[in-house]
**Student:** 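Please see the structure below; I have some questions.
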Amino acid sequence: TTEIYTLSLHDALPISQPMPTPVPRLAAAAPPAMVPEATPSQDPHVAADRQTAIVTTTHLPDGPLGIPGVMLGAYQRAAHALAASQPGCHLSWSVLAGIGRIESGHASGGRVDANGNTLGSILGPVLDGSPGMAAIPDTDHGVLDGNTVWDRAVGPMQFIPASWSQWGVGNPNNIYDSTLAAGRYLCAGGTNLSDPAQLQTAIYRYNHSASYVAIVLEIGRASCRERV
């Protein structure tokens with residue numbers, strides 16, 4: 001498998017804990033891995049480049065802090081959708097960008113096809129209770145994460161299957177579906193993200209780590225500063 005490029009500070013973050021029921025969301029502290037569609041003998045990036053209809057940063061202009069253009073579009077699209085469906089939430093695309101940067105390096109640098117599907121599944125570590133990992137028995141019969149014994153976080157925004165079934169629609173490895181699900185999760189319960197305290201609480205729900213919250217907020221602020 002190929003390691004996904006992720007924020008270096010993420011390696012120092014505390015291991016997040018399972019969310020309290022009924023929202024058992026977990027974002028694992030270890031970087032996720034992409035399962036390439038290429039055979040083991042092939043370089044996954046070379047094989048991916050041979051596929052048709054690939055959207056990369058050469059097709060859309062890069063955004064602030066080097067956010068791939070296609071990912072910037074996905075973050076903004078999700079924020080616009082939430083502004084229409086939950087106008088009281090005030091979700092900024094930059095918050096989604098901060099989360100996506102940490103969780104999957106913006107879907108491994110925006111390597112998606114023309115429909116926004118990642119070139120291979122993005123999977124977090126097996127949540128089998130090994131050192132530093134929570135123990136979450138399989139909840140999806142391996143349909144989303146390919147594991148019929150234990151759960152794994154899935155997709156660019158790293159949802160465990162149980163949480164995806166509650167907040168997601170479509171494909172967790174699709175950047176448009178996953179960013180929209182992340183926005184719905186952050187906005188849950190009538191949250192007003194224009195209130196700094198509520199924003200921090202919502203991000204903390206996403207990953208139980210104060211360091212994680214601080215990094216997401218800093219990436220968001222930096223993204224907005226650079227875009228001005």
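When a residue number appears, it is its place in the shown sequence, counting from 1.
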**Student:** Take Ile203 and Leu217 through the side-chain contact (heavy atoms from CB on, under 4.5 Å) test and state the conclusion after the steps.
**Tutor:** CA-CA 9 Å; Ile203 299 171; Leu217 291 174; 3.6 Å; yes
**Student:** For Met157 and Thr179, run side-chain contact (heavy atoms from CB on, under 4.5 Å): C-alpha distance rounded to whole Å, both residues' side-chain angles, the deciding distance at 0.1 Å, then the answer.
**Tutor:** CA-CA 7 Å; Met157 305 303 275; Thr179 54; 4.2 Å; yes
**Student:** Measure the CG-SG distance between Leu82 and Cys89 for me, rounded to the nearest 0.5 Å.
**Tutor:**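 Rounded to the nearest 0.5 Å, the CG-SG separation comes out at 5.5 Å.
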**Student:** Are the side chain of Ser163 and the backbone of Phe159 linked by a donor-acceptor contact shorter than 3.5 Å?
**Tutor:**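 No, because the side chain of Ser163 does not come within donor-acceptor range (under 3.5 Å) of the backbone of Phe159.
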**Student:** So, for Ser194 and Pro196, which heavy atoms are closest and what is the spacing to 0.1 Å?
**Tutor:** O-CD, 3.4 Å
**Student:** Rounded to the nearest 0.5 Å, how far does CD1 of Ile175 lie from OH of Tyr75?
**Tutor:**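 Here the rounded value is 8.0 Å.
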**Student:** Rounded to the nearest 0.5 Å, what separates atom CG in Asp140 from atom CZ in Arg152?
**Tutor:** 11.5 Å
**Student:** Using a distance-only test with no angle check, is there a side-chain donor-acceptor pair under 3.5 angstrom linking Glu103 and Tyr212?
**Tutor:**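 The criterion, which ignores hydrogens and geometry beyond distance, is satisfied for Tyr212 and Glu103.
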**Student:** Do the side chain of Tyr206 and the main chain of Ala182 share a donor and acceptor less than 3.5 angstrom apart?
**Tutor:** no
**Student:** Say whether, by atom type as modelled, one donor and one acceptor occur between the side chain of Ser92 and the main chain of Ser94 under 3.5 angstrom.
**Tutor:** yes
**Student:** Given 3.5 Å as the limit, does a donor-acceptor pair link the side chain of Asp151 with the main chain of Thr139, or not?
**Tutor:** yes
**Student:** What verdict does the side-chain contact (heavy atoms from CB on, under 4.5 Å) test give for His106 and Val70, after you've listed the backbone C-alpha separation in whole Å, the side-chain angles of each residue and the deciding distance to 0.1 Å?
**Tutor:** CA-CA 9 Å; His106 302 306; Val70 67; over 6 Å; no
**Student:** In Å, rounded to the nearest 0.5 Å, how long is the span from CD1 of Ile67 to CD of Gln76?
**Tutor:**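 Separation between the atoms: 8.5 Å.
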**Student:** Give a yes or no on whether the backbone of Thr191 and the side-chain of Gln198 come within a donor-acceptor separation of less than 3.5 Å.
**Tutor:**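 No.
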**Student:** Any side-chain to backbone donor/acceptor pair from Asn147 onto Asp138? Under 3.5 Å, distance only.
**Tutor:**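 No: the side chain of Asn147 does not pair with the backbone of Asp138.
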**Student:** Does Val126 belong to the same Ile/Leu/Val/Met/Phe/Trp/Tyr cluster as Leu144, with side-chain heavy atoms less than 4.5 Å apart forming each link?
**Tutor:**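 No, Val126 and Leu144 fall in different hydrophobic clusters.
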**Student:** Side-chain donor-acceptor pair under 3.5 Å between Asn207 and Ser209, yes or no?
**Tutor:**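 Distance-only check fails for Asn207 and Ser209.
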**Student:** Should Val169 and Asp177 count as side-chain neighbours, where that means a heavy-atom distance under 4.5 Å?
**Tutor:**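 When only atoms from C-beta onward are counted, Asp177 and Val169 do not touch, as no gap falls below 4.5 Å.
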**Student:** On a heavy-atom basis, which atom in Ala79 and which in Trp93 lie closest, and how many Å separate them?
**Tutor:** CB-N, 3.8 Å
**Student:** Trp150 and Val154: same hydrophobic cluster, using ILVMFWY side-chain contacts below 4.5 Å?
**Tutor:**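 No, Trp150 does not connect to Val154 through the hydrophobic network.
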**Student:** When you measure from the side chain of Arg111 to the backbone of Gly120, do you find a donor-acceptor pair of N or O atoms at a distance under 3.5 Å?
**Tutor:** no
**Student:** Under the side-chain contact (heavy atoms from CB on, under 4.5 Å) criterion, do Leu199 and Leu186 qualify, and how do the steps go?
**Tutor:** CA-CA 8 Å; Leu199 174 59; Leu186 291 167; over 6 Å; no
**Student:** Measure across Ala81 and Leu180 and return the closest heavy-atom pair with its distance rounded to 0.1 Å.
**Tutor:**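 The answer is CB-CD1, 3.9 Å.
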**Student:** CD of Glu218 to CZ of Arg221: how many Å apart, nearest 0.5 Å?
**Tutor:**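 Rounded to the nearest 0.5 Å, the CD-CZ separation comes to 5.0 Å.
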**Student:** Are side-chain heavy atoms of Leu91 and Leu96 found at a separation under 4.5 Å?
**Tutor:**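 A side-chain contact under 4.5 Å exists here.
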**Student:** Taking the side chain as C-beta and beyond, is there a heavy-atom pair between Gln158 and Ile122 under 4.5 Å?
**Tutor:** yes
**Student:** Would you check if the side chain of Asn173 reaches a backbone N or O of Thr118 as a donor-acceptor pair within less than 3.5 Å?
**Tutor:**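 Not at all, since once roles are kept as given, no pair shorter than 3.5 Å links the two residues.
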**Student:** What is the minimum heavy-atom distance between Trp164 and Gly170, and which atoms define it?
**Tutor:**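 Reported closest heavy-atom pair: NE1-O, 3.7 Å.
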**Student:** Might you point out which heavy atoms bring Pro172 and Pro156 nearest each other, and give the distance in Å?
**Tutor:**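 Pro172 and Pro156 have their closest heavy atoms at O-CD, 3.2 Å.
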**Student:** What is the minimum heavy-atom distance between Gly142 and Asp145, and which atoms define it?
**Tutor:**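 Smallest heavy-atom distance, with atoms named: CA-OD1, 3.5 Å.
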**Student:** Please check if the side chain of Asn115 supplies one atom and the backbone of Asn117 the other of a donor-acceptor pair under 3.5 Å.
**Tutor:**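 No; zero donor-acceptor contacts below 3.5 Å.
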**Student:** Could you state the interatomic distance from CG (Leu193) to OG1 (Thr201), rounded to the nearest 0.5 Å?
**Tutor:**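 If we round to the nearest 0.5 Å, Leu193:CG and Thr201:OG1 are 10.0 Å apart.
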**Student:** Taking Gln86 for the side chain and Ala83 for the main chain, is one N or O donor matched with an acceptor at less than 3.5 Å?
**Tutor:** no
